[in-house]
Every structure is written in C-alpha cells, then in structure tokens.
Amino acid sequence: MDNLLISACLLGISCRYDGESREYDLKGLEKKFNLIPVCPEIYGGLPTPRVPSEIAGDMVLNREGKNVTAQYNKGARETLRMAKLFDAKYALLKAKSPSCGKDRVYDGSFTGTLVRGEGITTKLLKENGVEIFTEDEIDLLLEKQAK
Ligand code: SF4
C-alpha cells in the first residue's frame, strides 16, 4: 500500500488550534493507504491550544498580531521531510487551514472571510511534487488509488 500523509486533526487527534478533536469519515481510506499523521503547526513549535492564525500577504499573523511566519515555515519544512521519509506522493490535508488549506484560506481579517489561496505547508508540498487533497475530495483520492 502507498503511504498517505494526513492532517492529524482529521483522525480525531486533538491538535487543532482550539484543542478540540473532530473525527471525519475517511470512507475506508485507511484500507487503501498507510496513513501517516502530520500536524505542521505542532512541528513548527506552536502549542495546543493556540491563538488562531491567518495568512496575511506574505506573512502569517495570529489574532493577537504576533508574526508566526517562522513557525509555519518550519512546520511546512518538517512535513515535507515526513513526505520524503515515507515517500508519500499524496497528502490529505484539512481544508481552509493556514497550514493545510488548499484552494481557499481565510483572508487575514479574522472575520471568517475566505479567499483563493493555499496553506503554507500545502504550497511547499505541492512545489515538491506531492498531490494534495482535502477531506472533501476523499472520493477523488480513492479513485486515484483504484487506477
Ligand atoms: Fe490540523 Fe493542519 Fe491545523 Fe495541524 S496544522 S491542526 S493538521 S489543520
């Protein structure tokens, strides 16, 4: 079976910014892939729970205005290291997160407004050839594996 990086919070691990856990229906993905849980924000040195952050231009700022770009970049690099260690060609990452989001992220205003864009980790993984899916695209990922 191929290895698949997966946002740990999608597995019910309590690494979300609010310290809560939420389990998602993986539609049997665990029978098709070896799941490798990752949490870039933890790898970047941030605590749980933590002040939520959003991407603002070329920086990541938390809701208190603190610049946490370095932590987000470190988390992305460490997650890429995991992808290489496990030779993972695919990653299933949590939508809308400033680390893991794909296609859309919050706009930096902390008003719940989404804009086109991607998380810091998503971007680095993509640049290194890892194909990214969100929890809304599990069917696509399963189709890919079936081919
Ligand atoms: Fe989940 Fe990614 Fe946020 Fe970690 S950084 S809590 S894996 S969305």
Side-chain angles (χ1 to χ4, degrees), residues 2-27 29-30 33-142 144-145:
D2 289 337
N3 291 331
L4 173 71
L5 290 194
I6 180 166
S7 292
C9 59
L10 293 175
L11 296 170
I13 307 296
S14 306
C15 53
R16 286 164 44 105
Y17 74 94
D18 56 7
E20 300 283 317
S21 69
R22 202 175 295 169
E23 208 161 335
Y24 288 80
D25 177 9
L26 297 180
K27 302 182 176 179
L29 209 52
E30 68 280 7
F33 291 93
N34 294 315
L35 304 183
I36 312 291
V38 292
C39 180
E41 291 172 22
I42 301 293
Y43 293 165
L46 294 167
T48 304
R50 53 192 167 274
V51 179
S53 300
E54 295 189 1
I55 296 171
D58 57 1
M59 291 189 296
V60 186
L61 301 177
N62 76 15
R63 199 170 51 199
E64 295 171 349
K66 185 176 172 203
N67 186 340
V68 287
T69 311
Q71 288 91 330
Y72 275 72
N73 285 337
K74 178 168 187 276
R77 288 194 304 272
E78 299 291 53
T79 305
L80 176 60
R81 187 193 301 267
M82 291 288 281
K84 289 182 173 169
L85 269 175
F86 288 96
D87 193 24
K89 295 175 182 58
Y90 306 122
L92 180 73
L93 300 181
K94 176 79 186 73
K96 298 185 258 184
S97 150
S99 289
C100 297
K102 178 197 170 207
D103 303 325
R104 292 184 311 159
V105 288
Y106 293 108
D107 71 348
S109 66
F110 296 94
T111 57
T113 310
L114 289 163
V115 289
R116 284 198 66 78
E118 58 197 1
I120 306 295
T121 293
T122 300
K123 182 169 187 295
L124 187 65
L125 290 178
K126 273 173 66 179
E127 285 168 358
N128 284 273
V130 180
E131 197 170 347
I132 310 296
F133 298 81
T134 74
E135 68 273 25
D136 301 320
E137 296 173 325
I138 291 175
D139 290 335
L140 283 178
L141 186 51
L142 286 168
K144 202 158 262 287
Q145 190 65 348

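Starting from 1, each residue takes its place in the sequence as its number.
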Under 3.5 Å: donor-acceptor pair, side chain of [X], backbone of [Y]:
X: S99; Y: I120; result: no
X: T121; Y: C100; result: no
X: E78; Y: G75; result: no
X: E54; Y: F110; result: yes
X: T134; Y: D136; result: yes
X: E135; Y: A95; result: yes
X: N3; Y: F86; result: yes

Between L141 and L4, does a side-chain contact (heavy atoms from CB on, under 4.5 Å) hold up when you go through it step by step?
CA-CA 10 Å; L141 186 51; L4 173 71; 3.9 Å; yes
Can you tell me how far [atom2] of [Y] sits from [atom1] of [X], rounded to the nearest 0.5 angstrom?
X: Y24; Y: L92; atom1: OH; atom2: CG; answer: 10.5 Å
X: L140; Y: Y90; atom1: CG; atom2: OH; answer: 11.5 Å
X: S97; Y: I55; atom1: OG; atom2: CD1; answer: 8.0 Å
X: S14; Y: L11; atom1: OG; atom2: CG; answer: 11.5 Å
X: I36; Y: L85; atom1: CD1; atom2: CG; answer: 9.5 Å
X: L80; Y: L124; atom1: CG; atom2: CG; answer: 5.0 Å

What closest approach, in Å, do [X] and [Y] show between heavy atoms, and which atom pair accounts for it?
X: I42; Y: C15; answer: CG1-CB, 4.2 Å
X: D18; Y: P49; answer: C-CB, 3.8 Å
X: L125; Y: A83; answer: CD2-CB, 4.1 Å
X: I132; Y: K126; answer: CG1-CG, 3.5 Å
X: T113; Y: T111; answer: OG1-OG1, 2.7 Å
X: R50; Y: R16; answer: NH2-C, 3.9 Å

Any side-chain heavy-atom pair from [X] and [Y] closer than 4.5 angstrom?
X: Y43; Y: M82; result: yes
X: V105; Y: P98; result: no
X: S53; Y: E41; result: no
X: L114; Y: K96; result: yes
X: D2; Y: K89; result: no

List the steps, then state whether side-chain contact (heavy atoms from CB on, under 4.5 Å) holds for K102 with L93.
CA-CA 8 Å; K102 178 197 170 207; L93 300 181; over 6 Å; no
